Amino acid sequence: MQTACLVVRESRPLHGTTTLTGAKNAALVMMASLILTRGKSILYNVPFSTDIRHMAQLLQQLGAELFYDKDMQTLYVDTAHIRHYHVEYAMMKKMRASVLVMGPLLARFGTVSIALPGGCVIGDRPINYHLQSFEKMGAQITQVGEMISATISKAHSADIILEYPSVGATENILMLAVQTEGITRIVNAALEPEVLDFIVLLQKMGAHISIVPPATIEIEGVDELRPIEHTVINDRLEAGSLLLAAAITGGVIHLPNAPARSLELFLYKLQEMGHSVIIGQDNIGITLHATQEPKAVSFKTGPHPSFPTDLQAPMMVAQVVADGESVIEETVFESRLLHVRELQKMGAHITVEHNRAIVRGIEKLYGGPVIATDIRASCALVLAGLVAQGTTIITGIHHWRRGYHDLEGKLRHLGANIEIVGGQSIIFQDELRELKDVVL
Ligand code: UD1
């Protein structure tokens, strides 16, 4: 069978309006957290990406019943009969977010066994903060090779100080702490928009959580949590990718449901490049009119509200075809510059020094065969293909499918010349046992 690839051809300026789908990174942790409840929950605005499908399969292996309504982008999950606390090795390796079931399984069963998670190869990606925090709350952890097991007879509250505001560690600690007696504090917690939306969901379940500025989360344990209905926030990373697609092609785009507050530094940088950015009422909705003479800007990634690391690769493409020099510093993941080599193949002038890329803007990129190495790199290569002379053929598109819900369809709707060729289409529903008569 032919390997699937994304075929992108030089496109006219993108024009039009498109709505966003739900944030994958928020939906994944929300799905994991349903393990904390016993009963039927509904998540609305859940994107149809492979990572979501894998998390659904993982929950199903644990004993949950799921039904995904693709047209409504709604996921129904019944967690009443979850009975397993062991996650298969192969399932753990499918994505990094699989580690997020550790906290809720520990909370529900007092024991869990998993393997080190897989995911994008963008750095070492240890889980030491997760494990150390669980230990601090009373867990006994054994690691043999890649296999990890943990038990906890009675979790106790703790003051947990994160050396770095890790998104995953913050979420995992939250999930153990919500039912742990006493007050647990996470100091130097991650406060990404996806974490904040997740806290809202936990509060709907009945959790007692407050945020103490500048970055401490206080959790007072409760005895029981209840099933919920929740609408996942819109994907700021999809918004950023679409805005960049319009910016680099010199187009105009309107995203009526884009969360502008979640993208402040990114939008500021687009304006610094010379693009016009108009924010809607109550900070919802973004319109971008691209300048025809974009200026290169420098930026450095960091925890929210700094520049998001997940937009570093796509934003780099905008610098590749801008006027001047840009210095891009990646501070979140140490190996997140693998897309540079592929962009160089397309003619980009980029040099790398440790975690910094120095980009010298050029007039034109050239299409050819390139390889997507991670989710956001796949997006960067698609953007590059839109302004490259000729045809860009991108392999490794399982990364694209892991992260985006028909983003190629949205780009096409705006005028992009993009298609997926070969390979199998994604079958989601057929892989899930149907949950009949879902009534809340
Ligand atoms: C999440 C996002 C990912 C995003 C990242 C940073 C999901 C599913 N994924 O990933 O898209 O790029 O946040 O915004 O939400 N670290 C440790 N030890 C740990 C945990 C993390 O050293 O125990 C380090 C990591 O190697 C990395 C940094 O902390 O250098 C940030 O990682 P983290 O915030 O945990 O990212 P993820 O939760 O994996």
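As the structure lists them, so they are numbered: ligands from 1, and atoms in each ligand from 1. Quick caveat, the model's predicted, so the values are computed rather than measured.
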Would [X] count as a polar contact of ligand 1, with the cut-off being nitrogen or oxygen pairs under 3.5 Å?
X    : answer
Y129 : yes
V332 : yes
T309 : no
S166 : yes
A97  : no

Is the number of heavy atoms from other residues, nucleotides or ligands within 6.0 Å of [atom1] ([X]) greater than 12?
X    : atom1 : result
Y85  : OH    : no
R412 : CZ    : yes
Q203 : CD    : yes

Under 4.0 Å to a heavy atom of [X] - the qualifying atoms of ligand 1, by number:
X    : value
R96  : 20 (C), 39 (O)
I127 : 19 (C), 23 (O)
G168 : 35 (O), 38 (O)

Within the 3.5 Å criterion, strictly below it, is a donor on [X] or [Y] matched to an acceptor on the partner's side chain?
X    : Y    : value
H339 : Q312 : yes
Q140 : T151 : no
H405 : S49  : no
E229 : Y44  : yes

Open item on the list: Does the residue P126 have a heavy-atom contact with ligand 1, meaning some pair of atoms that are separated by less than 4.0 Å?
Closed with: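 It does; at least one heavy atom falls under 4.0 Å.
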Task: Close approach of M55 to ligand 1, heavy atoms, under 4.0 angstrom - done: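 Contact check M55 vs ligand 1: negative.
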May I ask you to identify, for [X], whether its side chain, its backbone, both or neither come under 4.0 Å of ligand 1 on a heavy-atom basis?
X    : result
D310 : side chain
R336 : side chain
E194 : neither

- [ ] On the 0 to 90° scale, with breaks at 30° and 60°, tag the Y68-F48 ring pair as parallel, tilted or perpendicular.
- [x]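 Judged by the thresholds at 30° and 60°, the geometry between Y68 and F48 is parallel.
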Task: E194 with R236: basic N within carboxylate O range, under 4.0 Å - done: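 Yes, E194 and R236 are salt-bridged.
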Task: The one among T170, N25, V167 that brings a heavy atom closest to atom 2 (C) of ligand 1 - done: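 Among T170, N25, V167, the closest heavy atom to atom 2 (C) of ligand 1 comes from N25.
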